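See structure below.
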Amino acid sequence: MLERHSDSNENNKASNILKHVLNLFKSLRPGSDLSSFKLPPVFNMPKSQLQCSAECVYSTAFDLLSSLNNGKTPLDRFISVVAWSISTTRPTKFGAAPYNPILGETHHVSKGNLNVLLEQVSHHPPVSALHATDQKENIEIIWCQIPVPKFIGKIISPICCVMKQNQFLLFSKCTAVEAKVHGKRQLKLHNHGETYEMSSPHILFRFLPVPGTDWFGNVRIQCLETGLVADLTYMSQSFFGFRGNRRLIKGKIFDSLSMKVLYEIHGHWDSTVTVKDTTNEEIRVIYDAKKTISGLQAPFVKDPENVWTTESALVWSELSQAILSKDWEKAREAKNTVEDRQRKLMRERESKGETWVPKHFIVSKSQEGWDCSPIQKWVPTAPIATL
């Protein structure tokens with residue numbers, strides 16, 4: 001959702017689940033890795049993290065991706081790539097997390113000429129690989145994502161007091177989960193022989209003192225062939241919520257060879273982002289979130305017989321239906337069934353001395369991190385589509 005909610009509305013909703021969250025995390029220490037942490041279904045949204053990642057690529061009302069080739073100069077195309085990168089940042093909902101994908105889970109969706117395929121290529125640590133291609137435009141996207149969530153802060157003693165809903169909340173430290181997204185993202189414009197590499201902002205789920213979620217951190221986008229670089233900073237509120245501008249983004253585009261700053265970037269990733277030409281101070285809008293990611297439609301199955309058994313929607317179908325129906329007992333049973341099946345398969349592989357191998361990616365690991373290379377040149381058309 002792009003609609004801006006008032007802080008009071010968000011806080012009212014968030015306060016209803018705070019006691020459950022704090023009880024859930026009471027045994028955790030600051031810095032604890034939450035990669036293997038299991039959330040009860042009441043905290044899950046009815047979809048997998050694979051689908052959430054894929055939606056950043058295929059869920060658009062205005063197609064920025066296919067227009068990337070239209071830039072007449074390398075700088076024009078670079079600015080368009082920056083706008084597209086910003087479009088992959090989507091609003092999040094406090095208190096609702098997607099499912100952790102199981103090993104080998106896939107999500108395969110088509111939108112027009114764009115075909116998108118994701119596979120969970122590792123479970124511990126969780127590593128997701130994405131390959132998306134538009135054969136008509138000769139565009140290719142390859143991502144390898146490793147989220148590393150960690151618990152921050154812990155309630156220890158009542159040294160600070162904040163009024164909230166006519167009650168006093170006492171805390172000594174900020175309480176939150178910080179999820180850093182590691183891994184490499186590449187976008188290739190084959191018609192121009194250009195490869196763009198970009199990182200991802202991180203996300204903060206803040207519980208105390210002011211509940212909320214924020215994207216934050218530094219993002220670098222660079223074109224390997226032209227030497228153009230963009231440094232972006234996603235700004236978040238302070239932990240106490242008394243300062244800071246939510247969803248603010250600012251940065252610069254510069255030539256890495258001469259180090260000359262060409263454009264300054266400013267705006268909000270959930271509304272509009274502008275660039276200012278440092279030569280003539282001309283300002284123009286390069287990204288409009290309302291135009292790009294409003295009124296999106298959910299994917300639909302157009303060819304049921306060819307949906308893979310590893311598809312996210314099938315793997316989690318019973319759990320998703322139970323969550324939508326708010327049948328939490330059935331949801332717990334459905335989630336346990338999926339997890340028990342995975343543990344059984346893992347034990348069977350270990351007893352046979354087998355190593356699980358991804359079907360759609362070649363995966364390697366080095367000192368620089370994980371690398372996921374797609375096996376196929378072009379992603380095939382999917383039995384699931386979106387408008």
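What you see is a predicted model; the values in this text were computed from it and never measured.
Remark: the T73 side chain and the D76 side chain contain an N/O donor-acceptor pair separated by less than 3.5 Å. If you check the side chains of Y287 and H268, you find no donor sitting under 3.5 Å from an acceptor. For the residue pair T272/D288, the side-chain donor-acceptor check at 3.5 Å is not satisfied. A donor atom on one side chain and an acceptor atom on the other are found under 3.5 Å apart for N138 and N191. Checked by atom type, the side-chain pair E178/H202 shows no donor-acceptor distance below 3.5 Å. In summary, the side chains of S128 and Q49 do not present any donor paired with an acceptor at a separation below 3.5 Å, with no hydrogens or angles considered. A donor atom on one side chain and an acceptor atom on the other are found under 3.5 Å apart for N218 and T233. Residues H190 and E140 bring a donor and an acceptor atom of their side chains to less than 3.5 Å of each other. With hydrogens and angles left out, the side-chain atoms of E333 and T337 include no donor and acceptor closer than 3.5 Å. Side chains of E105 and S312: a donor on one and an acceptor on the other come within 3.5 Å. In this model, no donor atom of one side chain and acceptor atom of the other lie less than 3.5 Å apart for S67 and N69.
The cationic group of K291 lies under 6.0 Å from the six-membered ring centre of F62 and within 45° of the ring axis, placing it in a cation-pi geometry.
Distance alone, capped at 3.5 Å, is enough to place a donor-acceptor pair between the S317 side chain and the L314 backbone. Panel note: side chain T274, backbone H266; a donor-acceptor pair is recorded below 3.5 Å. Counting only distance, with no hydrogens or angles, the side chain of R220 and the backbone of L232 share no donor-acceptor pair below 3.5 Å.
Considering all non-hydrogen atoms of both residues, S200 and R185 come closest at OG-NH2, 3.5 Å.
With respect to the salt-bridge test (charged N to carboxylate O, under 4.0 angstrom), the residues K330 and E318 do not qualify.
In summary, of the residues considered (L118, L130, L187), a side chain to side chain contact (heavy atoms under 4.5 Å, CB included) with V57 occurs for L130 alone.
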message = Set out, in order, the CA-CA distance, both residues' side-chain angles and the distance that settles salt bridge (charged side-chain N to carboxylate O under 4.0 Å, His left out) for E264 and K252, then state yes or no.
response = CA-CA 4 Å; E264 295 176 352; K252 60 184 179 182; over 6 Å; no

query = Do K184 and D371 pass the salt bridge (charged side-chain N to carboxylate O under 4.0 Å, His left out) test, and can you show the C-alpha distance, the side-chain angles, and the key distance before you say yes or no?
reply = CA-CA 8 Å; K184 182 170 60 177; D371 188 69; 3.6 Å; yes

ask   = Please walk me through it: do E119 and K359 pass salt bridge (charged side-chain N to carboxylate O under 4.0 Å, His left out)?
value = CA-CA 8 Å; E119 183 178 17; K359 291 183 178 180; over 6 Å; no

key: side-chain contact (heavy atoms from CB on, under 4.5 Å) between K188 and I139, intermediate numbers included   = CA-CA 6 Å; K188 301 181 180 183; I139 294 175; over 6 Å; no

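Aromatic ring centroids of H360 and W308 lie under 6.0 Å apart. Taking the six-membered ring for Trp, Y234 and W215 have ring centres at least 6.0 Å apart.
Between Y58 and H107, the ring planes lie tilted relative to each other; the angle falls in the 30° to 60° range.
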